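Just the heavy atoms: all of them, side chains too, but no hydrogens, waters or symmetry mates, feed the values below. Here the structure is a predicted model, which is why all the values come from computation and not from measurement.
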Amino acid sequence: MTPSAARRADATQKSSPNCHFNPECDPLFLSYAPGHWPHIPQELWNDWKWQLRNRISTLSQLSEKIQLTDSERNGIFLSGSKLALSITPHFFNLIHPSNPDCPIRRQVIPRAEEGLYLPHEFADPCGEDSHMPVPGLVHRYPDRVLFLVTDRCASYCRYCTRSRIVSGVGEQELHTNFDEAFHYLATHREIRDVLFSGGDPLLLSDEKINDLLRRVREIDHIEFVRIGTRVPIFLPQRITHHLCSILKKYHPLWISIHVNHPRELTSEVKDALSMLADAGIPLGNQSVLLRGVNDSVETMRTLLHKLLRCRVRPYYLYQCDLIRGSSHLRTSVRKGIEIIRALRGFTSGYAIPQFVIDAPGGGGKIPINPDYIISHTDEKILLRNYQGQTFEYPEIPD
Ligand SMILES: *Cc1c(COP(=O)(O)O)cnc(C)c1O
């Protein structure tokens with residue numbers, strides 16, 4: 001899509017046409033503020049603690065602001081004992097008030113289908129619990145660990161792979177043992193990469209974030225530290241100069257964000273990502289392929305191009321995990337392959353994420369690629385290019 005076509009596609013989905021706080025904003029990166037909160041002064045709107053205190057988390061708050069379907073009403077009753085409903089005002093404004101198929105809405109407003117459990121679905125689809133040597137630390141790969149530092153997020157994604165432990169209402173609780181976890185990291189010299197996630201690490205206080213990064217940096221065999229967060233998308237106000245001044249003390253520090261639809265890249269989000277990039281933090285994006293959200297080549301291309309403009313390198317595109325009650329959000333694997341095939345060669349290589357399936361039961365991430373190898377013998381490899389033409393490369397004897 002050309003930039004002007006992308007702009008039109010995004011603009012037609014805009015729910016609130018007044019860029020109230022920022023009339024000069026880039027037409028490709030819209031602002032939806034203050035939307036449903038017209039009387040909130042800008043200082044309060046920009047205060048991340050105000051955003052958290054004023055999250056939409058009940059049926060009555062929701063139905064005051066948007067037209068709910070019966071399926072959504074039922075889904076909201078279910079969410080009380082499964083995965084909490086919570087949406088920051090910033091993100092809530094991106095929802096189309098009357099279109100139940102709105103791609104933003106599908107991600108954060110529960111539906112009755114969440115109560116539909118299929119036989120191959122699990123509470124812990126990637127087998128994390130069985131790979132925890134210490135509560136809160138998942139050690140699946142030889143040289144790196146996933147460190148779950150909180151069970152809270154700014155808003156809750158309905159397809160959350162950790163809904164069993166996240167948000168405080170599910171069937172399990174996360175009891176991370178920080179002292180034991182740091183002891184494990186210090187005594188396992190094979191670990192060179194620590195990924196802080198949760199829940200969302202950037203919901204912790206500046207002091208706590210500083211403390212975690214300082215402690216991990218005291219371990220000299222840990223070369224590489226990263227944070228997985230959706231805070232820049234759900235709560236861009238949290239990305240303050242003070243937070244950036246803490247993060248930049250601990251380089252090399254990388255951040256993976258999570259954006260699924262181009263509309264999520266608002267002017268506020270772009271500014272927050274700019275601050276992180278200016279603090280020297282390389283940014284990657286992880287998307288989940290979701291039915292009715294981003295399962296089209298056009299939407300995905302617009303998203304990927306917007307990410308590059310925000311200095312974010314698309315990292316992974318995940319096939320949706322087999323989390324219980326997520327069948328309405330999953331697509332076929334074939335669809336993901338088709339999208340990657342339509343992108344590779346047709347746009348910047350930097351824009352193309354690796355499509356992966358996180359293996360059910362705990363086998364780790366497995367790359368899924370369109371087939372570019374037609375045949376491979378000791379003499380030659382026969383290849384197909386992005387246009388479907390065939391090429392031969394002689395194989396070199398070992
Ligand atoms: C995704 C993941 C990682 C990081 O994997 P990369 O491919 O290095 O990004 C590490 N540990 C666990 C358990 C994971 O799920």
Can you tell which of Thr88, Asp200, Asp206 makes a side-chain hydrogen bond (donor to acceptor under 3.5 Å, both in side chains) with Arg238? Asp206
Looking at Gln107, Glu113, Glu114, which hits side-chain hydrogen bond (donor to acceptor under 3.5 Å, both in side chains) with Arg158? Glu114
Transitively linked via ILVMFWY side-chain contacts under 4.5 Å: [X] with [Y]?
{"X": "Ile255", "Y": "Val269", "result": "yes"}
{"X": "Leu83", "Y": "Leu59", "result": "no"}
{"X": "Met132", "Y": "Phe196", "result": "no"}

Summary of salt bridge (charged side-chain N to carboxylate O under 4.0 Å, His left out) pairs that have at least one residue in [range], sequence neighbours excluded:
{"range": "residues 181-193", "answer": "Asp143-Arg192, Arg192-Glu223, Asp193-Arg226"}
{"range": "residues 384-398", "answer": "Lys380-Glu392"}
{"range": "residues 40-53", "answer": "none"}

ring-ring contact (aromatic ring centres under 6.0 Å, His included) involving [X] - partner list, sequence neighbours excluded:
{"X": "Phe224", "value": "Trp254"}
{"X": "Phe91", "value": "Phe234"}
{"X": "His139", "value": "Tyr184"}
{"X": "His251", "value": "none"}

Check whether any side-chain N or O of [X] sits under 3.5 Å from a backbone N or O of [Y] as a donor-acceptor pair, and report yes or no.
{"X": "Gln61", "Y": "Ser57", "result": "yes"}
{"X": "His376", "Y": "Leu383", "result": "no"}
{"X": "Lys270", "Y": "Phe29", "result": "no"}
{"X": "Arg324", "Y": "Pro125", "result": "no"}
{"X": "Ser86", "Y": "Tyr156", "result": "no"}
{"X": "His96", "Y": "Asp101", "result": "no"}

May I ask you to check whether [X] and [Y] show a side-chain donor-acceptor distance below 3.5 Å?
{"X": "Ser296", "Y": "Glu298", "value": "no"}
{"X": "Tyr159", "Y": "Asn260", "value": "yes"}
{"X": "Gln172", "Y": "Asp124", "value": "no"}
{"X": "Ser274", "Y": "Arg311", "value": "yes"}

Rest of the hydrophobic cluster containing Phe391 (Ile/Leu/Val/Met/Phe/Trp/Tyr, side-chain heavy atoms under 4.5 Å)? none
Members sharing Phe122's hydrophobic cluster, built from side-chain contacts under 4.5 Å between Ile, Leu, Val, Met, Phe, Trp and Tyr, are none
Taking 4.0 angstrom as the limit, do Arg215 and Asp179 come out as a salt bridge? yes
Would you call Asp211 and Lys208 a salt bridge, using N to O less than 4.0 angstrom? no
With sequence neighbours excluded, tell me which residues meet side-chain contact (heavy atoms from CB on, under 4.5 Å) with Ser256. Gln286, Tyr315
Residues 332-357 side chain polar contacts: donor-acceptor under 3.5 Å, at least two apart:
| unit_1 | atom_1 | unit_2 | atom_2 | d |
| --- | --- | --- | --- | --- |
| Ser332 | OG | Lys335 | N | 3.1 |
| Thr347 | OG1 | His305 | NE2 | 2.7 |
| Gln354 | NE2 | Asn369 | OD1 | 3.0 |

Counterpart residues, side chain to side chain donor-acceptor pair (under 3.5 Å), relative to Ser130 (two or more places apart): none
